[in-house]
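Note that the structure is a prediction, hence the values are computed from the model and not measured.
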Amino acid sequence: MNYLTIGYLQSKLIRTPLNLNRDWNKEINECNSVQELIDYISDKGTKDEHWRLLHAIKTRDELNKQNN
């Protein structure tokens, strides 16, 4: 069972302040898979967001492995 899901990854990519980033955050929250997040960040994100996503995926996988 995966304890950390797509919501964990989405939360790492939310931009603040929230009121100035509504469109971005809406698009992030509409991604339904890791691949959709990767594609979106590759197309529209910054290098920092790309690395943040990769790090979050690695962390999620490690934590899920520990909990199985």
Side-chain angles (χ1 to χ4, degrees):
M1 176 177 192
N2 289 336
Y3 292 92
L4 299 176
T5 62
I6 189 77
Y8 170 77
L9 300 176
Q10 290 166 321
S11 72
K12 299 299 181 185
L13 299 169
I14 295 297
R15 288 181 179 174
T16 57
L18 297 176
N19 64 326
L20 298 178
N21 293 287
R22 285 187 182 116
D23 292 337
W24 170 269
N25 294 337
K26 179 180 179 282
E27 293 293 325
I28 290 297
N29 285 323
E30 288 178 351
C31 292
N32 293 312
S33 69
V34 174
Q35 190 59 55
E36 283 184 37
L37 278 172
I38 291 169
D39 293 344
Y40 188 80
I41 295 301
S42 293
D43 291 343
K44 298 181 180 172
T46 64
K47 286 183 182 181
D48 179 61
E49 288 163 332
H50 180 80
W51 287 111
R52 193 174 340 141
L53 176 58
L54 294 178
H55 179 72
I57 291 169
K58 181 180 177 197
T59 300
R60 179 204 61 175
D61 292 348
E62 289 171 357
L63 290 172
N64 285 335
K65 186 186 230 184
Q66 290 173 5
N67 290 320
N68 282 330

Cluster question for you: counting only ILVMFWY and a side-chain heavy-atom cut-off of under 4.5 Å, with indirect links fine, are Ile14 and Ile57 together?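 Yes, Ile14 connects to Ile57 through the hydrophobic network.
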
Honestly curious: do Leu37 and Trp51 fall in one hydrophobic cluster under the side-chain, below-4.5 Å linking rule?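 No, Leu37 and Trp51 fall in different hydrophobic clusters.
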
From [X] atom [atom1] to [Y] atom [atom2], the distance as rounded to the nearest 0.5 Å:
X	Y	atom1	atom2	answer
Ser33	Asp39	OG	CG	7.5 Å
Asp43	His50	CG	NE2	11.5 Å
Asn32	Gln10	CG	CD	7.5 Å
Ser11	Asn25	OG	CG	11.0 Å
Asp23	Ile28	CG	CD1	12.0 Å
Glu62	Lys65	CD	NZ	8.0 Å

Quick one: closest heavy-atom pair of Tyr40 and Cys31, and the distance?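 Heavy-atom minimum between the residues: CB-SG, 4.2 Å.
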
Please give me the minimum heavy-atom distance between Lys44 and Arg15, naming the atom from each residue.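 In terms of heavy atoms, the two residues are closest at O-NH2, 3.9 Å.
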
Does any N or O in the side chain of Trp24 come within less than 3.5 Å of the main-chain N or O of Leu13, such that one atom is a donor and the other an acceptor?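 Yes; judged by distance alone, with no hydrogens or angles, the pair exists.
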
Test item: Glu49 side-chain N/O and Thr46 main-chain N/O as donor-acceptor pair under 3.5 Å: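 Between the backbone of Thr46 and the side chain of Glu49 there is a qualifying donor-acceptor contact (under 3.5 Å).
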
Using side-chain heavy atoms (C-beta onward) and a distance below 4.5 Å, is Thr59 in contact with Lys12?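 No, side chains not in contact.
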
